[in-house]
Amino acid sequence: MPELPEVETVVRTLRPKITGRRILSAEFTGLRVLIGDARETAEALVGRKITGVTRHGKFIAIALDQGFLVVHLGMTGRLLVDGELTKWTHAVLTLDQGSLVYEDPRQFGRIEYGVSLPARVAALGPEPLEVSEGEFGRRLKLRRSPVKAVLLNQSVVRGVGNIYADEALFRAGVNPKRMAASLGAERVGRVYRAMQEVLREAIEARGSSISNYVDAEGCQGSFQTAHRVYQRTGEPCVNCGAEIKRILVGQRGTHYCGRCQR
DNA sequence: GTTGTTACCTGTACGC
DNA sequence: TGCGTACAGGTAACAA
């Protein structure tokens, strides 16, 4: 499931391969994934030149000489350069050199073309690797929800998903059920540093390959071997040996150590 | 405005 | 082997 490190890896592998390429044709078959009319979108894309690829939280923005093609990978989306066509291929862009293929079995992903970035991308919170500790703390102070749910809220910070929220809170030693607004400055600082640390390490490892995640070249990440709590229910805590628990916080599976995380 | 709940969707794991 | 069921989760829409 692609979160910030996985999307960053896709963008980094995609950027040198498609920047400068021109779109010769565009075909959309997965009408659930595409926001907008398939024929109109294809007509708008044909002839456009790709000028850059950037990441906004978990959104990928493919900048064109006119407008943007914005892609969200959802749970199982894959954006592949010269990817093979499968039963779950929803979009194919034929470029003047190679192709760009979008496939997504669960169809939770979204593709949208517009002359500017869509409002929901503009409404996202700051990047967790760029926000200051003070600003991060101020944003947490405004929220009367469990800190785990707040980290997942993309309008607070953009890009943190279930894996990295659990891993960051474990490293910070903070219980995921704690109310965000009730955290003191010391705990906020620990969450802030742990969030940045785990995201940086995961980017370095090219993300976590859970489910079917691969980057734009079809390569898997390796950070899943470094997970300390995520999907380790019942296993011993790497710090204290207590059993890792799984609970629901905000309807999301949440993994934590009840002894280390207070 | 904020918070909580639900639907969307299919592959996988599990029990019988 | 085959079937039914539970589960995974990011976002948007909706209700409170």
Side-chain angles (χ1 to χ4, degrees), chain A residues 1-11 29-36 55-61 70-79 86-91 102-112 114 117-125 127-128 138-169 176-183 199 202 207-214 220-221 223-224 227 229-235 244-256:
Chain A
M1 44 214 73
E3 301 181 23
L4 187 153
E6 290 76 30
V7 178
E8 178 66 24
T9 304
V10 170
V11 165
T29 48
L31 298 180
R32 185 185 150 69
V33 167
L34 179 70
I35 297 174
R55 181 185 59 74
H56 303 259
K58 301 173 196 172
F59 289 84
I60 298 168
V70 173
V71 179
H72 193 294
L73 301 175
M75 294 290 298
T76 52
R78 311 211 289 191
L79 204 47
T86 70
K87 66 184 281 200
W88 297 120
T89 299
H90 302 295
Y102 181 79
E103 67 164 46
D104 189 353
R106 285 191 206 170
Q107 304 172 65
F108 275 23
R110 291 290 180 268
I111 300 176
E112 180 177 15
L117 288 176
R120 65 183 189 284
V121 174
L124 294 170
E127 285 286 335
R138 281 190 288 278
R139 286 173 171 269
L140 259 54
K141 270 278 173 263
L142 295 171
R143 300 290 170 167
R144 281 183 296 278
S145 293
V147 61
K148 160 77 184 270
V150 172
L151 289 179
L152 293 180
N153 185 336
Q154 302 297 295
S155 66
V156 177
V157 285
R158 63 193 196 201
V160 177
N162 209 35
I163 298 172
Y164 299 106
D166 281 3
E167 293 297 322
L169 290 172
K177 289 179 291 188
R178 268 193 172 266
M179 287 297 126
S182 75
L183 293 177
L199 290 174
S208 303
S209 279
I210 303 289
S211 183
N212 69 338
Y213 164 75
V214 292
Q220 294 195 330
F223 195 70
Q224 65 279 8
H227 293 172
V229 286
Y230 182 74
Q231 288 190 342
R232 292 193 61 241
T233 311
E235 294 180 35
I244 298 299
K245 294 179 186 168
R246 182 184 179 280
I247 57 171
L248 282 182
V249 177
Q251 306 301 110
R252 292 283 167 256
T254 297
H255 312 77
Y256 76 110

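Fair warning: this is a prediction, and the values are worked out from it, not measured in the lab. Numbers restart at 1 for each chain; the letters A, B, ... are given by sequence-line order, proteins then strands. Only this structure's heavy atoms are used, side chains among them; waters, hydrogens and symmetry mates stay out.
The overall bend of the helix from B/dT2-C/dA16 to B/dC16-C/dG2, read as the angle between its terminal helix axes built from five base pairs each, is 40° when rounded to 10 degrees.
Phosphate contact (OP1/OP2 of B/dG11, side-chain N/O of A/Trp88, threshold under 4.0 Å): present. Using a 4.0 Å cut-off, no side-chain N or O of A/Tyr230 falls inside it from OP1 or OP2 of C/dA8.
Rounded to the nearest 0.5 Å, atoms CG (A/Asn162) and CD (A/Gln231) are 9.0 Å apart. For the atom pair A/Arg252 CZ and A/Asp166 CG, the distance stands at 11.5 Å (nearest 0.5 Å). Annotation: the span from A/Ile111 atom CD1 to A/Leu34 atom CG amounts to 6.5 Å, rounded to 0.5 Å. With rounding to the nearest 0.5 Å, the separation of CD in A/Glu167 from CZ in A/Phe223 is 6.5 Å.
A search for ring-ring contact (aromatic ring centres under 6.0 Å, His included) contacts involving A/Phe59 returns A/His72, not counting sequence neighbours. The ring-ring contact (aromatic ring centres under 6.0 Å, His included) check on A/His56 picks up nothing, with sequence neighbours excluded.
The CD-P distance, from A/Gln107 to B/dA7, rounds to 18 Å in whole Å. When the P atom of B/dC9 is taken as reference, atom CZ of A/Arg110 falls 9 Å away, rounded to whole Å. We find that CD of A/Glu103 is positioned 13 Å from C1' of B/dT10, with the value rounded to whole Å. Atom CZ in A/Arg106 sits roughly 10 Å away from atom P in B/dT10 (whole-Å rounding). At whole-Å resolution of the value, CD1 in A/Ile35 and C1' in B/dC8 are 13 Å apart.
For the pair A/Leu151 and A/Tyr164, the minimum side-chain heavy-atom distance is 4.5 Å or more. Side-chain contact between A/Arg158 and A/Glu127: present, with at least one pair of heavy atoms (C-beta onward) separated by less than 4.5 Å.
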Which pairs, protein N/O on one side and nucleotides 2-4 of chain B N/O on the other, fall under 3.5 Å?
unit_1 : atom_1 : unit_2   : atom_2 : d
B/dT3  : OP1    : A/Arg144 : N      : 2.6
B/dT3  : OP2    : A/Arg143 : NH1    : 2.9
B/dG4  : OP2    : A/Ser145 : OG     : 3.1

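Between A/Pro128 and A/Leu4, the closest heavy-atom pair is CG-CD1, 3.6 Å.
Below 30°, between 30° and 60°, or above 60°: for A/His227 and A/Tyr230 the angle between ring planes is above 60°, a perpendicular geometry.
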#### Entry: Protein-to-nucleotide contact annotation, 5' to 3' order, nucleotides 10-16 of chain C [B base; S sugar-phosphate only; - none; under 4.0 Å, heavy atom]
BBS----
Review item, side-chain donor-acceptor pairs of residues 140-147 of chain A, under 3.5 Å, at least two apart:
unit_1   : atom_1 : unit_2   : atom_2 : d
A/Lys141 : NZ     : A/Ala181 : O      : 2.9
A/Lys141 : NZ     : A/Leu183 : O      : 2.9

